[in-house]
Each structure stands twice: as C-alpha cells, then as structure tokens.
K.L.:
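Got a structure for you, questions after.
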Amino acid sequence: MRETKKQAVKKTFHYCMYLRKSSEEEDSRSIGNQKEVLEGVIEDIISNDPFNNYVYVDTFKDENYTGTDSERPDFKRMLQMMAQGKVNMIVVTDLSRLSRNISESINYIQSVFVMLDIRFISYQLPTIDSYLNPDKIYSLEVPIQSMMNENHCAETSIKVRRTFDRLRADGKFIGAFAGYGWIKNPDDKHKLLIDEEAKEIMHLMKDLLFQYNSCNQIAKRLNEKGILSPAGHKKSKGMKHNSVMNNIDGSYLWSGVSVRKMLSRPENVGDLVQGRQKVKSYKIHTKVKMPETEWFVTKDGCPAIFTREEQSKINKLLAMNFREMQKEKEIREVPMDMPVNDEDKTGSGKNKPYLFSGFVRCPDCNRAMNRKGTKKSYGYYICSTYKNYGTCSKHSIREDELAKIVYAAIKQQIDVSVEMSELIQSINETPIMKKKNFDYHTQKKKLESELYKIAHYQKGLYQDFKDGLISKEEYLDLKKDYTEQAEQIRKAIENVETELSTMQKVVEQKDLYLEHFIKHQGFDKLNRDMLTDLIDAIYIYENKNVKIKFSFEDEYKNLIAYMEEGKNLLKNE
C-alpha cells in the first residue's frame, strides 16, 4: 500500500469509498465500521503521496444487499459516475465488498476499471492498489479470493434456506412483511395479528360478492368509496409492503384481479401458507413458483378473517363462469327485440342491481339518475336532483329505449375497434413503419456513441493542458465546446427516447384498448359485466339525447393520432 513510484505527471484522484453489508453478515462488518477503516486508509494514502491531488467525491453504500446482487442502487450509481468521469478512484475494505461473484469481480478489476482508468484500492483480502502496483490485479490472489468470496455466499445461502425451511415447518411466519389483513406481532415477529381496518374491508368485499357482484364491480365500488388498495393501505399506515405493488401514479386503486386475489387466499381461514416461491440460486435472484406439494402449510397458523363456511361460498362464487354468474345474480339480460321487464313488478330483482344501475348520470348536476318502475312492462330513469329537490330537470328516458341506444353504440364501438386493430396491424407491418422504428434505435446508438467520444475527449483535455500541449485559453474554449456539444446530444437522445416511448405506448394501448372491446365481439345481449368493462358513464340529456363515455378514451385518441401519422407516412412514401 505504501510503495513509491516515479511519477512524471501530477494526477488528481477523484476518490470515493464503497461500503456494502448483507443482512446475513455480522455487525462487525457494519457500514459504520467499514467507513471508519477506509477513512484511515485514505488518510494514510494521501499523507504518503504529497505529489498527487486527492478530491473526495462521495461515499456509496448498500446495506442489506448481497455481493452476488448486481442490482445494488448505490453500486450502480457509482459505476455511472465512473463512466461519466466524475470518479477515478474507488476504495473498499476488501474484494468481497465490491462483489462476491467471481466472474463479475474479475471483470470489474481487470477489464472495466482498466478501460475507464480507475484506480482500485482494496485494503485487504487481497491488498491491491492498481495505481502503485498495476500488475497486482492480474495476480492469482484476485481469482482465488473471488472464488472464496463466492463460495462463502453459497454456503451461507444453504444454511439460511435450511433455517427458513425449519421455521416454516414449525409454523412460524418468516415473511418480510405481512399480507393484507394482518400485521406482524411486535412481541414476536414470527406471529401475525389481525389488522382490524383491513379485515373490515375484506368483509365488505365478501358481502358484495355474496350480492353477486363481479370482482370488477367490487373493485369499482371500493374505488368509488375511496378505499385504498393493499399497497396504498400499508403505505398510509407506515407498514412494510412490497414496493412492486405501488401504483405508478400514486392512485392506489383496486382492480378486479386484486379483489379476486384477496378473496381467494387460503390464509383467509387461518391457514398459513409459505414457500410459494423461491430464488433460483444464491447468484440468480429470479423467483420461481413452487408446486403446491412443496408449500409449507400450517393449519390455523394465523388469525382467520373468514370462517371456513364463508370461504367455501366465496370460492364457489369465484369459480363460476360468466353464464353461471349471470344466472346466479338474476340480473335480467336484455334482448334487443324485447322491452326491459320491470323487475320491481316481477320481484326477481329484489336487492339486486338493475342493468344500468350506477352508470346513468345527469349531465347538468352530474348526479346519478334514479330508476322508477311503472305498472306497464318498462321502467324509466329520471334525474335524482329533480326527483328529490325539484331543481335541475327530468332528463327522463325509458329503460328499453336506453338499452337499444347503448346496444347500438357498443356494437358500433366494437366494429370500429376491429377495423382499427386490423388497420394498425397493417400499418405496423409496413416496411416504412418498421424502418422508422429501426431508424430511431440506430439514431440513438449513434448519438450515444458520439456522447461517449466527447466524454473521452473531455477526460483527456485537462491532461493535455497540464502537459502543456494546449494553452489555458484553448483548454477553456474546447471545454466549453465539448460541454455544449454534449448537452445538444443529450437533448437529441431524449427526443429519440420520447419518440420510441410513444411508439411503444401506442402498442401497449392498442392491446389494452382494442382487445378490451374486441373480446365482446358477436354479443347479442347487454349485461352488467359488459357495461363495467366498456363504459364509465352514460349521460342523459333533454329530448332523450344520450352521450356514452367509454372506457380508455385517452388511449382511443392516441390510437387515432397514431393511425393518422401512419397514413401520412404511407402517402408520402
């Protein structure tokens, strides 16, 4: 570490410390202890090297991350700053801090750091300073120590897995966070307690299901009431939760899928199920699903949310197919050649929602419209504000007339969706659109290459100035030019990425929007599931004028714009 070396040119080392500790390591390897050691090491290096300059940049630290994991946040940030030329010296306590993956650690030390002209210093195991003793990085110590570091991970992984399996077999909870409906016992982390607020929501979902609402309808009701999704609930309470569940827009809305998942869990009756997934290996952290025969199931291993009788009924309803659910719900399907029967009169719709319940709204006061039965064979809708307070206006329309209008509108929208899908598919398969996509990627790679070259020139510019190859004025002028060029290229890359993102977004929206409508192609009757899928609201104006607000309107507009762009490109080809 203290070897001397003849130096012709004074250097400036922009140094950083990298600290890492996994959750399985002893406290003696703590981030604080590593930092204290490295501060002493750096102080010793600087005091023994008065010739060169040393500038502290940052301390990067990843706690509770294993060395076999390449996706460490601060580690990636450090590599990015190295690539940008902001850091050219890294100090670690030992090689295992950098990585416990043998191929990865060798690649960094003998290839990446050499290419980027990074001075790598390991205080011990093994002791390395690639500036004072550059040949040391190619010694046998590096692969041997890397192999030992990786083997340590393999042995630790086996021990941890055995410990976890034993705890699971004993019925002890070992998850990082409790599922929705439970909280960890503060006195015993291996036991769960009921989250009363979440349990109440679970029972609300159960009751709605028992009223023969679909999962999508239940989700809509929860969202209308402002009830947060599981991730939103946990975040609002400051509980640990799976960050992958977070909504990108922060809305934390329920979906039909999440409702079904919550209602169908075996844990709901108190059966603790663990080991559904496992990581492939200590080096590959991808999770794979395990067969049910290998799950760890502990009967009555956690507090129950539902009785076993309630869960049995829930599972029966969730298992019903579309036709069975429609029959069970006893919601009248509407043939287009027949008027809508008055369910108040027949009594078959008692305590069941009507076909358009929750969809029909007044465009003036934006309140829901009420359905009124008549002695005749039809019902009609009227503005609830007018009915209850005498203000606003009737906006009245017969239910059977509304059904025919909605039927025709949905059929037209589905036909349009089919045509749009075929047209967009043909546009995407044209050589000019494929070339456009290819050109964007090619252009991006070219710009990134130019940016890398400029970064390389900038890096050597100061050295040329220090060597006397260019004057101070030339150095400042060139530095300014390179900075401006780099900024222009970055903006150009951002523009290209925006175009690529837009194209990708259109493809995703095509799948989301068009398939949502096309799956109902060929229908002959209206039903609530279809309305929930396709319609946000139905507005009734005076003179029986109807406006339907379909789902995914923004996606529809984007698809129209994309089609217009495609048509214009084909015309100009």
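Note that the structure is a prediction, hence the values are computed from the model and not measured.
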K.L.:
Could you check Arg265 against Met202 for side chain to side chain contact (heavy atoms under 4.5 Å, CB included), going step by step and ending with a plain yes or no?
P.N.:
CA-CA 11 Å; Arg265 299 174 302 178; Met202 290 290 294; 3.4 Å; yes
K.L.:
Can any side-chain N or O of Ser384 pair as donor or acceptor with the backbone N or O of Ala368 at less than 3.5 Å?
P.N.:
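Confirmed, Ser384 side chain pairs with Ala368 backbone.
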K.L.:
Test salt bridge (Lys or Arg N to Asp or Glu O under 4.0 Å) on Lys206 and Glu200; report intermediate values, then the result.
P.N.:
CA-CA 10 Å; Lys206 176 205 68 177; Glu200 186 177 341; over 6 Å; no
K.L.:
Using 4.0 Å as the upper bound for N to carboxylate O, is an ion pair formed by Arg276 and Glu267?
P.N.:
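A salt bridge is present here (some side-chain N lies under 4.0 Å from a carboxylate O).
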K.L.:
Measure across Ile535 and Ile410 and return the closest heavy-atom pair with its distance rounded to 0.1 Å.
P.N.:
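It is CD1-CD1, 4.0 Å.
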K.L.:
Can you name the residues that form a salt bridge (Lys or Arg N to Asp or Glu O under 4.0 Å) with Lys544, not counting sequence neighbours?
P.N.:
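Lys544 satisfies salt bridge (Lys or Arg N to Asp or Glu O under 4.0 Å) with Glu401 once adjacent residues are dropped.
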K.L.:
Side chain to side chain contact (heavy atoms under 4.5 Å, CB included) between Phe356 and Leu402: does it pass, once the steps are laid out?
P.N.:
CA-CA 9 Å; Phe356 294 112; Leu402 177 61; 3.9 Å; yes
K.L.:
Taking only residues two or more places apart in sequence or in another chain, which ones pass ring-ring contact (aromatic ring centres under 6.0 Å, His included) with His520?
P.N.:
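By the ring-ring contact (aromatic ring centres under 6.0 Å, His included) rule, His520 matches no residue at all.
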K.L.:
Taking the side chain as everything from C-beta on, heavy atoms only, tell me whether Asp195 gets closer than 4.5 Å to Tyr180.
P.N.:
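When only atoms from C-beta onward are counted, Tyr180 and Asp195 do not touch, as no gap falls below 4.5 Å.
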K.L.:
Is there a donor-acceptor contact under 3.5 Å from the side chain of Trp182 to the main chain of Cys302?
P.N.:
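Answer holds: no.
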K.L.:
Using every non-hydrogen atom in the two residues, find where Ala304 and Ile194 come nearest and quote the distance to one decimal.
P.N.:
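Minimum heavy-atom separation between Ala304 and Ile194: O-CD1, 3.9 Å.
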K.L.:
Would you say that His233 contacts Ile201 through its side chain, given a criterion of any heavy-atom pair below 4.5 Å between the two side chains?
P.N.:
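Answer no - side chains too far apart.
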K.L.:
Answer yes or no: is there a donor N or O on one side and an acceptor on the other, between the side chain of Glu104 and the main chain of Asn101, under 3.5 Å?
P.N.:
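A pair under 3.5 Å: no.
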K.L.:
Quick one: does any side-chain atom of Thr307 pair with a main-chain N or O of Glu310 as donor and acceptor, under 3.5 Å?
P.N.:
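Pair found, side chain donor or acceptor close to backbone of Glu310.
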K.L.:
Evaluate the side-chain proximity of Val273 to Thr298: yes if any heavy-atom separation is below 4.5 Å, no if none is.
P.N.:
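Answer no - side chains too far apart.
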K.L.:
How far does OH of Tyr541 sit from OH of Tyr539, to the nearest 0.5 angstrom?
P.N.:
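Here the rounded value is 8.0 Å.
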K.L.:
To the nearest 0.5 Å, tell me how far Lys225 NZ sits from Leu228 CG.
P.N.:
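So the NZ of Lys225 and the CG of Leu228 are separated by 14.0 Å.
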K.L.:
Salt bridge between Asp536 and Lys549, side-chain N to carboxylate O under 4.0 Å?
P.N.:
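Yes, this pair counts.
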K.L.:
Quick one: do Arg77 and Asp74 make a salt bridge, cutoff under 4.0 Å?
P.N.:
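Result for this pair is yes, salt bridge flagged.
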K.L.:
For Glu196, I'd like to know if atom CD has over 12 heavy atoms of other residues, nucleotides or ligands within 6.0 Å.
P.N.:
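Yes - once you tally the heavy atoms of other residues, nucleotides and ligands closer than 6.0 Å, there are more than 12.
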K.L.:
With sequence neighbours excluded, tell me which residues meet ring-ring contact (aromatic ring centres under 6.0 Å, His included) with Tyr386.
P.N.:
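Applying ring-ring contact (aromatic ring centres under 6.0 Å, His included) to Tyr386 gives none.
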K.L.:
With a 4.5 Å heavy-atom cut-off, do Leu204 and Leu208 have their side chains touching?
P.N.:
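Sidechains of Leu208 and Leu204: in contact.
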K.L.:
Do Glu399 and Tyr380 have side chains that approach each other closer than 4.5 Å (heavy atoms only, starting at C-beta)?
P.N.:
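No. Closest side-chain heavy atoms not under 4.5 Å.
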K.L.:
Please list all pairs passing the salt bridge (charged side-chain N to carboxylate O under 4.0 Å, His left out) test where one or both residues lie in residues 211-224, with sequence neighbours left out.
P.N.:
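Residue pairs passing salt bridge (charged side-chain N to carboxylate O under 4.0 Å, His left out), neighbours aside: none found.
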K.L.:
At what distance, to the nearest 0.5 angstrom, does NZ of Lys199 lie from CD1 of Ile305?
P.N.:
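Reported to 0.5 Å precision, the distance equals 7.5 Å.
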K.L.:
Is there a donor-acceptor contact under 3.5 Å from the side chain of Asn268 to the main chain of Met262?
P.N.:
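Confirmed, Asn268 side chain pairs with Met262 backbone.
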K.L.:
Could you please spell out the steps behind the side chain to side chain contact (heavy atoms under 4.5 Å, CB included) verdict for Lys237 and Glu197?
P.N.:
CA-CA 11 Å; Lys237 301 296 181 183; Glu197 186 176 337; 2.9 Å; yes
K.L.:
Looking at every non-hydrogen atom in both residues, tell me the closest pair between Ser264 and Leu318 and how far apart they are.
P.N.:
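Distance-wise, the nearest heavy atoms are CB-CD1, 3.9 Å.
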K.L.:
Judged by modelled atom types alone, do Gln311 and Asn315 share a side-chain donor-acceptor pair under 3.5 Å?
P.N.:
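Per modelled atom types, Gln311 and Asn315 side chains form a pair under 3.5 Å.
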K.L.:
Check whether any side-chain heavy atom of Cys383 sits under 4.5 Å from a side-chain heavy atom of Cys365, and report yes or no.
P.N.:
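Sidechains of Cys365 and Cys383: in contact.
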K.L.:
Between Phe75 and Tyr65, does the ring centre distance come in under 6.0 Å?
P.N.:
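So the answer is no for these two rings.
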K.L.:
Under 3.5 Å, side chain of Arg361 to main-chain N/O of Asn366, donor-acceptor pair present?
P.N.:
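Checked: pair present.
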K.L.:
Got a sec, which residues hit side chain to side chain donor-acceptor pair (under 3.5 Å) with Gln84, two or more places apart in sequence or on another chain?
P.N.:
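Checked Gln84 against side chain to side chain donor-acceptor pair (under 3.5 Å); matches are Lys86.
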K.L.:
Work out which heavy atom in Arg260 is nearest to a heavy atom in Cys215; give both atom names and the distance.
P.N.:
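Heavy atoms of Arg260 and Cys215 come nearest at CB-SG, 3.8 Å.
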K.L.:
CG of Asn543 to CD1 of Ile397: how many Å apart, nearest 0.5 Å?
P.N.:
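It comes to 11.0 Å.
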K.L.:
Counting heavy atoms not belonging to Lys394, are there more than 12 under 6.0 Å from its NZ?
P.N.:
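Count not over threshold, so no.
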K.L.:
Looking at Phe173, is Lys191 sitting on its ring face, NZ or CZ under 6.0 Å from the six-membered ring centre and within 45 degrees of the normal?
P.N.:
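Geometry flag: not set, cation outside 6.0 Å or 45°.
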K.L.:
Just verifying a value: how many Å separate Leu272 CG and Asp300 CG, rounded to the nearest 0.5 Å?
P.N.:
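One gets 10.5 Å once the value is rounded to the nearest 0.5 Å.
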K.L.:
Tell me whether the count of non-hydrogen atoms from other residues, nucleotides or ligands lying under 6.0 Å of NZ in Lys519 goes above 12.
P.N.:
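Yes, enclosed.
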K.L.:
Using side-chain heavy atoms (C-beta onward) and a distance below 4.5 Å, is Val406 in contact with Leu531?
P.N.:
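SC-SC contact between Val406 and Leu531 confirmed.
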K.L.:
Inspect the surroundings of CZ in Phe210 and state if more than 12 heavy atoms from other residues, nucleotides or ligands are less than 6.0 Å away.
P.N.:
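More than 12 heavy atoms, drawn from other residues, nucleotides or ligands, come within 6.0 Å of this atom.
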K.L.:
Can you check salt bridge (Lys or Arg N to Asp or Glu O under 4.0 Å) on Asp415 and Lys411, steps first, answer last?
P.N.:
CA-CA 6 Å; Asp415 292 342; Lys411 187 176 186 306; 3.5 Å; yes
K.L.:
Is any side-chain heavy atom of Gln413 closer than 4.5 Å to one of Leu534?
P.N.:
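The answer is no; the side chains never approach within 4.5 Å.
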K.L.:
Pair Arg308, Asp271 - check side chain to side chain contact (heavy atoms under 4.5 Å, CB included), show working.
P.N.:
CA-CA 10 Å; Arg308 294 188 182 273; Asp271 293 341; 2.9 Å; yes
K.L.:
Hey, what do you get for CD1 (Ile540) to CD1 (Ile405), rounding to the nearest 0.5 Å?
P.N.:
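Separation between the atoms: 7.0 Å.
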K.L.:
Of all the heavy-atom pairs spanning Ile548 and Ala409, show the shortest one and how long it is.
P.N.:
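Distance-wise, the nearest heavy atoms are CD1-CB, 3.4 Å.
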K.L.:
Looking only at atom types and distance, does a side-chain atom of Trp254 sit under 3.5 Å from a main-chain N or O of Ile227, one as donor and one as acceptor?
P.N.:
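Answer holds: yes.
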K.L.:
May I have the step-by-step check of ring-ring contact (aromatic ring centres under 6.0 Å, His included) for His203 and Phe306, ending in yes or no?
P.N.:
CA-CA 8 Å; His203 276 271; Phe306 303 139; 5.0 Å; yes
K.L.:
Does Lys184 use its side chain to pair, donor to acceptor, with the backbone of Gly175 at less than 3.5 Å?
P.N.:
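Yes.
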K.L.:
Taking only residues two or more places apart in sequence or in another chain, which ones pass side chain to side chain donor-acceptor pair (under 3.5 Å) with Asp364?
P.N.:
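Only His395 meet the side chain to side chain donor-acceptor pair (under 3.5 Å) criterion with Asp364.
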